[in-house]
Protein chains: 2
Amino acid sequence: MNVQRHVPAMYHQIADVLRGEIDRGTHPAGQPLPTERELCEQYSVSLTTIRRALAILREEGLITTRRGAPSAVRECPARRTVVMGRGSKLTCRMPTTTERFAMGIDRGVPLVEVRDRLGHVEVFLADQVEVLSPEGLASATTRVMDFA
Amino acid sequence: MNVQRHVPAMYHQIADVLRGEIDRGTHPAGQPLPTERELCEQYSVSLTTIRRALAILREEGLITTRRGAPSAVRECPARRTVVMGRGSKLTCRMPTTTERFAMGIDRGVPLVEVRDRLGHVEVFLADQVEVLSPEGLASATTRVMDFA
DNA sequence: GAGTATTTGTACGTATGTATC
DNA sequence: GGATACATACGTACAAATACT
């Protein structure tokens with residue numbers, strides 16, 4: 001039948017190891033990771049493979065990399081609580097590269113857009129906010145309206 | 001001195017051109033892009049550079065790439081409208097690689113997590129939902145509570 | 001279904017540029 | 001200025017999934 005055990009690519013495996021270490025606090029927030037060369041030797045792989053592993057963690061918003069400086073674990077900022085106005089609509093998306101450069105947004109950080117009933121739009125960095133629905137009476141569960 | 005006009009990397013420039021073409025409908029949703037080799041010739045750059053340009057568009061959720069098949073413009077699915085329960089909290093983040101594989105999520109698609117007052121969590125793909133705050137009286141504007 | 005061509009994915013190497021320390 | 005470290009860009013080869021005949 002040839003079930004074909006899928007072996008994850010080396011750079012995925014390395015990203016998984018590093019992610020685990022970050023989660024367990026082996027590399028505390030704000031602290032530098034080993035340099036790319038060091039990681040190459042540590043895992044006996046090429047620079048390319050290490051850089052792809054780091055790219056994954058960057059896309060997940062776990063680390064930041066800057067030219068000339070060692071890669072570092074991203075410090076997750078404290079989240080502000082934002083209360084949605086009644087009848088506001090919220091969507092979430094990745095910023096364009098232009099937006100990232102203009103607003104200095106790290107890779108792997110989505111945007112939250114809240115549009116109120118007057119059409120005014122507010123944009124937040126997803127990792128810095130927690131959106132609260134307004135208190136009130138009734139319904140404690142999320143309702144899904146499916147138009148499909 | 002030495003203002004050093006910052007010249008964007010070639011792969012950024014190419015990504016910008018392709019993004020523009022996608023936005024203008026030159027490459028309609030669901031349709032394949034030119035192959036990587038064709039793009040190499042078209043822009044007179046190496047395969048590496050083209051692949052990095054495509055990686056950007058992938059991170060932005062604009063295209064999908066699959067081994068063996070040509071890269072294609074992502075079709076943006078119709079958004080369901082989800083109504084938040086009162087007192088629910090919403091956060092948004094990138095999925096982990098594990099989640100992406102397990103749930104078959106394309107790169108560049110954030111997750112929306114809604115936690116109701118009982119602690120129950122619902123997860124949505126960010127590009128498939130629009131979250132509505134419950135209707136009611138009062139406040140039409142978004143209130144920000146800053147604890148800093 | 002079988003076989004082949006196409007296309008992207010993975011992984012290696014090398015050289016040079018540029019920002020940071 | 002020098003050393004360090006990441007960024008950009010070229011190249012190559014083979015693997016694996018898909019698409020086509």
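Note that the structure is a prediction, hence the values are computed from the model and not measured. Naming: A, B, ... by sequence-line order, numbering from 1 per chain.
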Those residues of residues 65-72 of chain A lying under 4.0 Å from DNA chain C by at least one heavy atom: Arg66(A), Arg67(A), Gly68(A), Ala69(A)

Residues touching DNA chain C, which here means a heavy atom under 4.0 Å, drawn from residues 37-55 of chain A: Val45(A), Ser46(A), Thr48(A), Thr49(A), Arg52(A)

Sequence-distant partners of Glu21(B), side chain to side chain contact (heavy atoms under 4.5 Å, CB included), two or more places apart: Val17(B), Leu18(B), Arg24(B), Thr26(B), His27(B), Tyr43(B)

Which pairs, protein N/O on one side and nucleotides 1-4 of chain C N/O on the other, fall under 3.5 Å?
none

For Asp23(B), all residues meeting salt bridge (charged side-chain N to carboxylate O under 4.0 Å, His left out), sequence neighbours excluded: none

Phosphate-side-chain proximity, Tyr11(B) and dA9(D), N/O vs OP1/OP2 below 4.0 Å: no

Partners meeting side chain to side chain contact (heavy atoms under 4.5 Å, CB included) with Thr97(B) (sequence neighbours left out): His12(A), Arg19(A), Ile56(A), Glu60(A), Arg100(B), Phe101(B)

5′-ward residue of the pair Met10(B)/Leu33(A) relative to DNA chain D: Leu33(A)

Pairs satisfying disulfide (SG to SG under 2.5 Å), at least one member in residues 53-82 of chain B, at least two apart: none

Table please: side-chain donor-acceptor pairs of residues 46-54 of chain A below 3.5 Å, with sequence neighbours left out.
unit_1: Ser46(A); atom_1: OG; unit_2: Thr48(A); atom_2: N; d: 3.4
unit_1: Ser46(A); atom_1: OG; unit_2: Thr49(A); atom_2: N; d: 3.4
unit_1: Ser46(A); atom_1: OG; unit_2: Thr49(A); atom_2: OG1; d: 3.3
unit_1: Arg51(A); atom_1: NH1; unit_2: Glu36(A); atom_2: OE1; d: 3.1
unit_1: Arg51(A); atom_1: NH1; unit_2: Glu36(A); atom_2: OE2; d: 2.7
unit_1: Arg52(A); atom_1: NH2; unit_2: Tyr11(A); atom_2: OH; d: 3.3

Side-chain donor/acceptor of Thr64(B) to backbone N/O of Arg74(B), under 3.5 Å: no

All pairs passing disulfide (SG to SG under 2.5 Å) where residues 23-74 of chain A contributes a residue, at least two apart: none

Where at least one partner belongs to residues 78-115 of chain B, residue pairs that pass disulfide (SG to SG under 2.5 Å), sequence neighbours excluded: Cys92(A)-Cys92(B)

Nucleotide dT7(C), atom C1' - distance to CZ of Arg58(B) in whole Å: 14 Å

Listed partners of Glu113(A) passing side chain to side chain contact (heavy atoms under 4.5 Å, CB included), at least two apart: Thr91(A), Arg93(A), Val121(A), Val123(A)

Non-neighbouring partners of Thr98(A) that pass side chain to side chain contact (heavy atoms under 4.5 Å, CB included), sequence neighbours left out: Thr96(A)

